[in-house]
Protein chains: 2
Amino acid sequence: MKKFEEKTVNKDVLYEGKIITLQVEEVELPNGKTSKREIIKHPGAVCVIAVNGEGKLIMVEQYRKAFERSILEIPAGKLEPGEEPIITAARELEEETGYGCDRLVHLQSFYTSPGFADELVHVFEAKGLYKIENAKGADEDEFVELHEITLEEAEECVADQRIFDAKTAYAVQYLRLQRILREQAESKLN
Amino acid sequence: MKKFEEKTVNKDVLYEGKIITLQVEEVELPNGKTSKREIIKHPGAVCVIAVNGEGKLIMVEQYRKAFERSILEIPAGKLEPGEEPIITAARELEEETGYGCDRLVHLQSFYTSPGFADELVHVFEAKGLYKIENAKGADEDEFVELHEITLEEAEECVADQRIFDAKTAYAVQYLRLQRILREQAESKLN
């Protein structure tokens, strides 16, 4: 889909960091005028919706410097160069939570901030969760704490903004929808 | 919530643009070591879940330079300095779609990219939609096209990635959940 395409007239890469790259592009608009677009390039990321054998959601608490507080999120992490998203998902699940799983089902992918960034997040659901003995730990500069909470507790966390990011809000809503559909299917059987 | 707080040791503002600011912070980690955080400051944004009198979702198609294609999104836009999110929501709904509404209900807010950005999106649901005669148009450098589609069509768009961003994926799931809950309530009444 290329409707209203904006052609690049000039591109300046202003910063190449460890994770993000900033470039400012002068673009030609559909009406022939020019405008400036400030764009963040990002390697992409994964997140994992994981529910343990007791029906509890696997969450990690992490400090987020961008807005100076910690929040509860589903396990997530950046893609390493050349790494398949499903491999990243399995790795991050183990490193952040100590859990492994039998299967990772890709649910969907979405851009997080289409107005200024190309970060694409791939959402997976983990099936058949189990604890890994001697699991690999998180990265050296990453401090995360595991929480295992019910869906009702997660919905309370959404309401009081301990859960406060798009992918985790999506995940909580996804699990509520799945539960209702499952209950409907069961009540039709009975 | 300040658990695992990372204290700023040094901050360099590397770019101040029209929309985003890039700053690189040296932080002290909970273990006393230091690390670098690349952070994008953003004014925040709103998005509006809007369904017209025929039950169709109000969507806008827009070219997104960050990933060089156009996608279908719910109406959205950045906060202007000092502007209340509900005012931004009403303004963007009119400018992007020509619709007004009787009420805007705040559903929730979420950070879009907690790993590197402080962009907070406020999600509203519009109630009592009506067409505005001589509506204000979009910004001069913004080209958007209105689409009005059923929930089923929106779910197809999610599947084939014409809908491809987090807030719109959230909105489609929200509307499916609301429809199921409404149908359940109606079937209990009958």
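Below, chains carry the letters A, B, ... as their sequence lines are ordered, and counting in each starts from 1. All values derive from a computational prediction rather than experimental measurement.
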Inspect the contact between [Y] and [X] and indicate whether a charged nitrogen and a carboxylate oxygen are less than 4.0 angstrom apart.
| X | Y | value |
| --- | --- | --- |
| B:K41 | B:D118 | yes |
| B:K18 | A:E38 | no |
| A:R176 | A:E152 | yes |

Which atoms of [X] are under 4.5 Å from chain B, going by heavy atoms: the side chain, the backbone, both sets, or neither?
| X | answer |
| --- | --- |
| A:S35 | side chain |
| A:E6 | both |
| A:I40 | side chain |
| A:V24 | side chain |
| A:L177 | both |
| A:E5 | both |
| A:I163 | neither |
| A:E145 | both |

With only heavy atoms counted, which part of [X] is less than 4.5 Å from chain A, the side chain, the backbone, both or neither?
| X | result |
| --- | --- |
| B:R37 | side chain |
| B:I20 | both |
| B:L181 | side chain |
| B:Q173 | both |

- Looking at A:E68, A:K78, A:Q23, A:Q62, which makes the most heavy-atom pairs under 4.5 Å with chain B?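 Top option by heavy-atom pairs under 4.5 Å: A:E68.
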- Query: Any idea which of A:P114, A:A117, A:A166 has the most non-hydrogen atom pairs under 4.5 angstrom with chain B?
  - Reply: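 Of A:P114, A:A117, A:A166, A:P114 has the most heavy-atom pairs under 4.5 Å with chain B.
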